[in-house]
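Below is one structure, written out as C-alpha cells, with a few remarks after it.
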Amino acid sequence: MDAEIPLPGGDRIAARVHHWLRLQLMRSRFRPGEKLKLRTLAEELGVSPTPVREALGRLVSEGALEQLDHRSARVPLLSDERLREVCELRADLEGKAAARAAELAKPQDADRLAAIHARMSEARVAGRSPEMLVENERFHMEVCTLAGMPVLLRLVESLWLQCGPLNAALTRMRFLHRPEEHPHHDVIRGIRQGDSALARLAIQRDITVYADALIRRLPEINVAAKE
C-alpha cells in the first residue's frame with residue numbers, strides 16, 4: 001500500500017482502496033489490457049475481498065476499468081479517437097487550471113512545483129521510471145490544486161484515470177525535450193511571475209507534445225497489451 005494512503009479500519013476501507021487504485025492507475029502502475037484480480041489485490045493490501053470488489057466496481061462505473069467477471073476487471077485499451085479526445089480535454093482543463101494558479105499562487109507554491117519537477121527529472125535521468133511517473137502526476141495535480149477549482153480537479157483526475165496507464169510507454173521513448181527546455185519550467189515561471197498566458201500555454205504544450213508521442217505509439221502499445 002502506498003505510504004501516502006494508509007488503510008484505516010472500519011467502513012472507510014473501501015474508500016481508501018478506491019483512492020489507492022485510482023492513484024495507481026493515474027501513475028501507470030497498471031498498464032492497458034492488464035487484468036486486476038480481486039483476490040490478488042486483497043492479499044497485497046491486507047484486506048478482505050469485499051472492499052476491493054466495491055472499489056473495482058466504482059472504477060468500472062467511472063470508466064477507468066472494464067468488468068471481466070465477478071473476480072476481476074481489466075484496464076481498457078484506448079482507441080486513437082478516444083485518446084485524442086482525452087488529451088484535448090486535458091489541455092483545455094489543465095490550461096485553465098494553470099492560468100488560474102498563476103493568478104492565485106504564492107512564491108512557496110512555485111517553489112514546491114520546482115521541487116517536484118526536480119525530483120521527476122532526477123528520477124528520469126537515473127532510470128527510476130516508476131518514481132518519474134509518480135512525480136509527473138504530482139506536478140500536474142498540484143497545478144490543478146493551486147487553481148482552487150475542485151470541480152475542475154475532479155474532471156482532470158477522471159481524464160488521468162483513462163490516460164495514466166498509457167504514460168508508462170513514455171519511459172521507453174527518447175527524451176522529447178532537453179532537460180532545460182521542459183515545458184514544466186515555463187509553467188513554474190508563469191506561476192511564479194503571475195503570467196497566466198505563459199502558464200496556460202506551457203502546460204498545454206507539455207500535454208500536446210507527449211500526447212502526440214503516445215498517439216504515434218498507440219498501435220504498438222495496444223498490440224503488446226493483447227499478447
Side-chain angles (χ1 to χ4, degrees), residues 18 21-37 56-69 72-99 120 123-124 129-130 132-141 143-144 151-178 181-184 186-187 199-227:
H18 173 256
L21 285 169
R22 281 173 60 92
L23 268 185
Q24 304 316 303
L25 286 163
M26 291 166 67
R27 294 174 175 180
S28 305
R29 172 180 169 177
F30 302 118
R31 311 299 172 83
E34 184 171 350
K35 182 186 291 187
L36 279 63
K37 298 181 180 179
L56 291 176
R58 286 183 62 184
L59 288 165
V60 169
S61 69
E62 292 170 16
L65 296 175
E66 297 173 337
Q67 192 75 50
L68 291 179
D69 51 47
S72 62
R74 179 175 59 194
V75 180
L77 304 182
L78 291 189
S79 66
D80 182 280
E81 293 77 13
R82 181 71 171 269
L83 180 56
R84 288 182 187 278
E85 180 182 2
V86 167
C87 292
E88 287 175 7
L89 289 170
R90 273 192 59 203
D92 288 343
L93 292 173
E94 292 188 45
K96 184 176 184 65
M120 186 196 84
R124 180 67 190 267
S129 297
M132 185 273 288
L133 292 168
V134 167
E135 297 300 343
N136 183 59
E137 181 268 344
R138 280 192 177 127
F139 185 93
H140 285 261
M141 293 307 114
V143 170
C144 292
V151 175
L152 182 148
L153 176 60
R154 294 297 292 179
L155 291 172
V156 171
E157 287 177 345
S158 73
L159 295 171
W160 271 75
L161 280 175
Q162 298 179 63
C163 67
L166 282 167
N167 288 341
L170 296 173
T171 64
R172 300 191 295 273
M173 300 178 190
R174 63 179 176 80
F175 286 95
L176 299 180
H177 308 282
R178 287 193 297 229
E181 295 176 350
H182 197 289
H184 285 183
D186 280 339
V187 175
R200 180 195 297 269
L201 289 173
I203 203 80
Q204 290 177 333
R205 185 169 76 254
D206 183 37
I207 294 167
T208 300
V209 167
Y210 283 91
D212 288 346
L214 280 176
I215 289 168
R216 288 195 298 271
R217 292 285 298 275
L218 190 58
E220 174 187 339
I221 295 168
N222 285 340
V223 167
K226 294 175 182 177
E227 293 176 350

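Bear in mind that the values here come from a model prediction, so they are computed numbers and not experimental data.
Under the 4.5 Å side-chain criterion, counting only non-hydrogen atoms from C-beta, Met141 is in contact with Val156. Counting heavy atoms from C-beta on, the side chains of Asn167 and Trp160 come closer than 4.5 Å. Counting only heavy atoms from C-beta outward, the side chains of Glu137 and Leu23 approach each other to under 4.5 Å.
By the salt bridge (Lys or Arg N to Asp or Glu O under 4.0 Å) test, Arg90 pairs with Glu94, sequence neighbours left out. The ring pair (Phe, Tyr, Trp, His ring centres under 6.0 Å) test applied to Phe30 returns no partner, not counting sequence neighbours. Checked against salt bridge (Lys or Arg N to Asp or Glu O under 4.0 Å), Glu66 has the following partners two or more places apart in sequence or in another chain: Arg74. Listed by chain and residue number, His117, Phe139, His140, His182 satisfy the ring pair (Phe, Tyr, Trp, His ring centres under 6.0 Å) test with His184 (two or more places apart in sequence, or in another chain). Every residue meeting the side chain to side chain contact (heavy atoms under 4.5 Å, CB included) condition with Gln67, not counting sequence neighbours, appears here in chain and number order: Val60. Every residue meeting the salt bridge (Lys or Arg N to Asp or Glu O under 4.0 Å) condition with Glu157, not counting sequence neighbours, appears here in chain and number order: Arg22, Arg154. Residues satisfying the side chain to side chain contact (heavy atoms under 4.5 Å, CB included) test with Asp92, not counting sequence neighbours, are none. Here Asp212 pairs with nothing under the salt bridge (Lys or Arg N to Asp or Glu O under 4.0 Å) rule; sequence neighbours left out. Partners of Leu78 by side chain to side chain contact (heavy atoms under 4.5 Å, CB included), not counting sequence neighbours, listed by chain and number: Arg82, Leu83, Leu166. Remark: Ala91 engages Gln204, Ile207 in a side chain to side chain contact (heavy atoms under 4.5 Å, CB included) (not counting sequence neighbours).
With rounding to the nearest 0.5 Å, the separation of CG in Leu93 from CG in Leu153 is 10.5 Å. Distance check, rounded to the nearest 0.5 Å: CD of Gln24 to CG of Leu36 gives 10.0 Å. Of the inter-residue distances, the one linking Arg205 atom CZ with Asp186 atom CG reads 5.0 Å to the nearest 0.5 angstrom. A distance of 7.5 Å separates CG in Leu218 from OG in Ser79, rounded to the nearest 0.5 Å. In this structure, the separation between CG on Asn136 and CE on Met120 is 5.5 Å, given to the nearest 0.5 Å. To the nearest 0.5 Å, the span separating SG on Cys144 from CG on Leu155 amounts to 10.0 Å.
Among all heavy-atom pairs drawn from Pro76 and Gly63, the shortest one is CG-O, 4.3 Å. Taking all atoms of both residues into account, the shortest heavy-atom contact from Ala97 to Leu152 is CB-CD2, 3.7 Å. Closest of all the heavy-atom pairs between Ser61 and Arg58 is OG-O, 2.6 Å. The heavy-atom pair separating Cys163 from Val86 by the smallest distance is CB-CG1, 4.0 Å. Across Leu25 and Ala64, no two heavy atoms sit closer than the pair CD1-CB, 4.1 Å. The two residues Gly95 and Arg200 have their closest heavy-atom pair at O-CG, 3.4 Å.
Glu34 and Arg31 are not joined by a salt bridge, as no carboxylate oxygen comes within less than 4.0 angstrom of a charged side-chain nitrogen.
Across Leu214, Asp206, Thr208, a single residue satisfies side-chain contact (heavy atoms from CB on, under 4.5 Å) together with Tyr210, and that is Asp206.
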Any chance you could lay out the side-chain contact (heavy atoms from CB on, under 4.5 Å) test for Leu65 and Leu21, step after step, and finish with the verdict? CA-CA 11 Å; Leu65 296 175; Leu21 285 169; 5.9 Å; no
